[in-house]
Each structure stands twice: as C-alpha cells, then as structure tokens.
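Convention: sequence-line order gives letters A, B, ...; per-chain numbering from 1. Everything numeric in this text was worked out from a predicted model, so none of it was measured.
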Protein chains: 2
Amino acid sequence: MKKHYTEILKAHALFSTLKEEQVEEIGKQCTLLSYAKGHTLFMQEDPASLAYIVVSGWVKLFRHTVNGEEYIVDVLPAGYLFGENAIFHGDSYSCGAEIAEDATLLSIPLAALKQHIDHTPGFAQHMLSHASRQQTAQERNKEHLVIQSAPQRIGCFLLQLAPKEAKEPVTLHLPYDKLLLAARLGMQRETLSRGLTTLQDATDITIQGATVNIPNLGKLTKYCCTACTSNYPCEE
Amino acid sequence: MKKHYTEILKAHALFSTLKEEQVEEIGKQCTLLSYAKGHTLFMQEDPASLAYIVVSGWVKLFRHTVNGEEYIVDVLPAGYLFGENAIFHGDSYSCGAEIAEDATLLSIPLAALKQHIDHTPGFAQHMLSHASRQQTAQERNKEHLVIQSAPQRIGCFLLQLAPKEAKEPVTLHLPYDKLLLAARLGMQRETLSRGLTTLQDATDITIQGATVNIPNLGKLTKYCCTACTSNYPCEE
C-alpha cells in the first residue's frame with residue numbers, strides 16, 4: 001500500500017526528481033484519507049502540520065474578507081498539492097480548505113518537507129521551481145480576469161483539466177456545484193451559464209451535467225489562448 | 001559608492017538576513033544604472049543575466065497576448081526586485097520591462113544569486129520565503145479584481161505605496177501616466193477617473209496631478225480593507 005503512496009508523490013513535479021529512496025522515505029510518513037463532500041479540512045490561520053495531494057475528487061480553497069464574505073481562492077482537482085505554503089506562513093494555513101466533491105487525499109507531514117528543504121541537496125531549489133511555477137499560473141489567472149472574456153476563461157479552465165497528452169475526443173468531469181465553479185472563475189452563476197452556451201456554440205464542445213466532451217482541442221485552444229500571453233500547452 | 005549598494009540590497013527582505021560580508025560580496029557585483037522614461041530594459045523571453053532593484057522611478061512589467069495585445073503585469077515603485085524569477089524560467093525573462101518614469105536601478109547578476117542559492121546555507125530558504133510573499137501578494141491582487149470595487153482597488157494601491165510606519169498626513173507620488181495606472185489596476189481609464197473621485201469623497205484624500213495626500217490612514221483602510229481577506233498592514 002505504501003508503495004502506492006510513492007507513486008502518487010512521484011507523479012507530482014515537486015517530488016519527481018528526488019531519488020527513489022528519498023520519495024520512499026517521505027511516502028512512509030504519508031497517509032491516505034477519504035472525505036465526504038462538505039468536510040472542512042482546515043480553516044485560514046489554523047496551525048498547520050500537513051500538506052495534501054488531491055488523489056481524487058475536488059478541494060475548495062477559500063478565504064474570508066474582513067466583512068465576512070467568502071472568496072474562492074481555487075478549486076483543485078486530482079494531482080494538485082496544497083497546504084505546503086504554511087511552511088512560509090508561520091506554520092499556519094494561509095487559506096481554508098473544504099472537500100468540494102467526495103475526495104481521497106494523501107497527507108504529507110510538513111516536517112518531512114522541511115527536513116528535505118534543510119538537508120537534501122537540491123530540494124530547496126525544487127521547492128523554488130515549484131513556487132515559481134505556481135506564481136506563473138496565478139499570474140496568468142489574474143491576467144485572464146482582465147483580458148479574457150467569460151467563455152474564454154471557462155474554456156481555459158477546461159484546457160487546464162485536460163491531460164497533457166490527451167487524445168480527442170477528451171472527456172472531463174467538472175465539480176457538480178456550478179456556483180462554486182463560477183466563483184473560482186471570478187464570475188456570477190448566470191455569467192457562467194451564458195458563457196457555457198457561447199463556448200459550446202463556438203468550439204463544438206458538449207456539456208451534459210458535470211461531464212464535458214471536447215471533440216476538437218485545436219478549436220478550443222484557438223478560441224481561448226489567443227487572448228492569453230502564454231502558448232498552449234502552458235508549462236505549469 | 002559600492003557601500004551604498006550594500007544598503008540598497010539590505011533594505012530588501014531577500015537580502016536583509018544575509019551576513020554583512022555576504023551582502024558586501026553581492027554588492028561588489030552590482031551596478032547602479034539610470035534610465036529615461038520609455039527605455040525598454042528587456043523583452044519577454046529575452047535571455048536573462050540580471051535582476052534589478054528599483055531605487056527610484058517606476059518600472060512597467062508587461063506581456064503580450066498571442067493576439068498582440070499588451071497586458072500590464074505590474075508597475076513597480078522604489079524598493080521592488082524584479083527579473084530574479086528568470087532563474088526558474090530557463091534563464092529567460094518571463095515578462096518584458098520598460099521604464100515608466102525616469103528611474104535608477106541597481107542591477108544584480110543572476111549568477112550571484114544562483115551562487116548563493118547553491119552554496120550559502122539558508123539562502124534558498126530566504127528565496128522560498130520571498131517567493132511565498134510574492135505569491136500571497138499576487139493572490140491578493142487577483143482576489144481584489146473579483147471582490148473589491150474600483151475605488152477600493154485604487155485605495156489599496158495607495159496603501160501599498162505608503163511607508164510602513166507612515167505618519168499622517170502621508171504624501172505619495174503616482175506615475176504620471178494614468179492609462180498605465182488604470183491598466184495595472186485592471187480597469188479602464190474612465191473607471192480610474194470616476195474611482196478617484198469616489199475615493200476622494202469617501203476618504204478625504206486629495207489628488208493633485210501625480211501627488212496624493214492622505215490625511216487619515218484609518219479612514220482609507222476602513223474603506224478598502226473590509227473587502228479584503230487580509231488585515232492592514234499587509235505582511236508583504
């Protein structure tokens with residue numbers, strides 16, 4: 001079973017270049033956890049001891065304004081790491097995390113990451129590259145709020161969900177909660193509905209419930225990525 | 001003169017905790033450069049060998065969409081470091097940089113930074129903390145595009161320019177180019193004009209040309225920071 005943990009770790013860019021025995025060492029300290037939709041993993045400013053990789057399902061990251069309004073930082077699908085930044089945030093989480101769709105997570109002790117940052121040659125550089133990639137992705141998300149239309153932002157989100165070497169037709173699964181998806185994309189529920197219709201007409205994708213079918217990736221990237229400063233496929 | 005460079009470096013969080021002799025060593029490899037408004041320092045994807053600290057003036061960071069549209073990544077005042085991320089971007093700049101108002105810059109060889117990341121105990125961790133702070137600031141900028149009003153975003157930008165221990169009344173200098181400022185804040189020129197009027201009425205600040213006077217910081221923070229997930233003063 002623990003061997004499986006090693007595979008999950010190695011599939012993430014942060015751990016992919018560590019030596020086999022180093023990943024195994026971290027894997028031994030990990031735990032596989034299952035949670036039902038709605039479960040709160042942690043709140044903003046909670047003391048932090050674990051980072052997580054999403055193995056399946058969806059996780060919502062959020063913060064609250066001083067006024068008490070909820071702001072959706074991100075909605076993460078399988079393959080994403082979160083909570084690791086607590087190391088640089090006084091060992092407390094910089095945002096809250098809630099299970100958005102039934103999920104399985106691999107928990108990684110922050111102490112294990114710190115140990116490697118301090119003592120494994122090259123690991124701090126890997127963390128730096130990881131932080132840099134995250135920063136680029138975030139910069140792009142901010143950029144899209146300014147220069148992309150709502151249908152283009154939705155299309156971009158779909159492209160980010162598609163596997164790198166995807167073969168057409170590509171089938172994707174969205175979180176069921178459309179209000180959450182709209183908030184993640186920085187738009188109202190109605191804007192998302194209208195945007196999905198426009199996007200379907202323009203790019204031949206079809207959406208049924210939470211399942212998206214993309215028959216022509218080229219058409220979708222042409223529609224979305226011309227209003228972006230990066231080329232598809234994005235590096236991160 | 002080179003002693004002065006050490007002071008500029010030490011004023012930045014990234015170098016503030018290095019040993020005196022280490023900062024002096026980096027300072028020896030730095031150069032102070034003056035540029036006139038409009039000068040292009042580098043373009044996106046140019047090979048990178050230098051990072052810069054803004055000593056005075058303003059620097060515009062930008063990217064171009066595939067369609068050829070310009071997107072303003074940021075407009076940086078004195079005290080800000082840029083170009084250092086090229087280390088994690090294949091030694092090329094991830095965005096272009098242009099002098100937005102006559103500026104003096106301290107150039108730092110990327111090789112010197114790499115040397116310290118690889119060989120100075122703790123420096124990679126400092127870079128990680130720096131990257132993490134930048135990420136938090138950027139996340140907040142993205143958040144503000146979604147949850148703050150235009151006048152609140154303008155007020156937040158002013159608060160970020162104010163010195164940490166500022167005494168009232170606080171006087172700030174904006175870049176003269178209002179179109180640039182509007183783009184940095186993700187709004188149209190007219191929205192900026194209307195927003196400035198609303199902000200002046202609501203918070204007693206006065207704006208004459210490029211000079212802003214803030215008589216009451218508390219009133220300004222109350223107006224802006226209630227629609228934010230962080231408390232003033234922000235950590236970064």
statement: Of A/Gln134, A/Lys142, A/Gln138, the one forming a side chain to side chain donor-acceptor pair (under 3.5 Å) with B/Glu139 is A/Gln138

- request: List the atom of A/Gln135, the atom of B/Asn85, and the distance in Å for their closest heavy-atom pair.
  value: NE2-ND2, 3.3 Å

statement: So, the part of A/Ser129 with a heavy atom under 4.5 Å from chain B: the answer is both

- prompt: What's the spacing between A/Phe88 CZ and B/Arg133 CZ if we round to 0.5 Å?
  reply: 11.0 Å

Part of B/His130 within contact of chain A (heavy atom distance under 4.5 Å): neither

task: Mind listing the closest non-hydrogen atom pair of A/Leu128 and B/Ala131 along with its distance?
output: CD2-CB, 4.5 Å

Point-to-point distance, once rounded to the nearest 0.5 Å, from CZ of A/Arg140 to OH of B/Tyr71: 11.0 Å

- request: Identify the heavy atoms of A/Cys225 and B/Val66 that sit nearest to each other, and give their distance.
  value: O-CG2, 3.4 Å

- line: Max heavy-atom pairs within cutoff under 4.5 Å with chain A, candidates B/Cys228, B/Gly122, B/Ala124, B/Ser94, goes to B/Cys228

field: Toward chain A, the part of B/Ile117 with a non-hydrogen atom under 4.5 Å
entry: both

Proximity breakdown for A/Asp118 and chain B, heavy-atom pairs closer than 4.5 Å: both

- request: To the nearest 0.5 angstrom, please state how far the CD atom of B/Glu143 sits from the CD1 atom of A/Ile72.
  value: 11.5 Å

message: How about CD on A/Gln200, more than 12 heavy atoms from neighbouring residues, nucleotides or ligands closer than 6.0 Å, or not?
response: yes

Atom of A/Arg63, atom of B/Ser230 and distance for their closest heavy-atom approach: NH2-OG, 3.0 Å

message: So, taking the atom named CD1 in B/Ile147 and the one named CD in A/Glu70, what distance separates them when rounded to the nearest 0.5 Å?
response: 10.5 Å

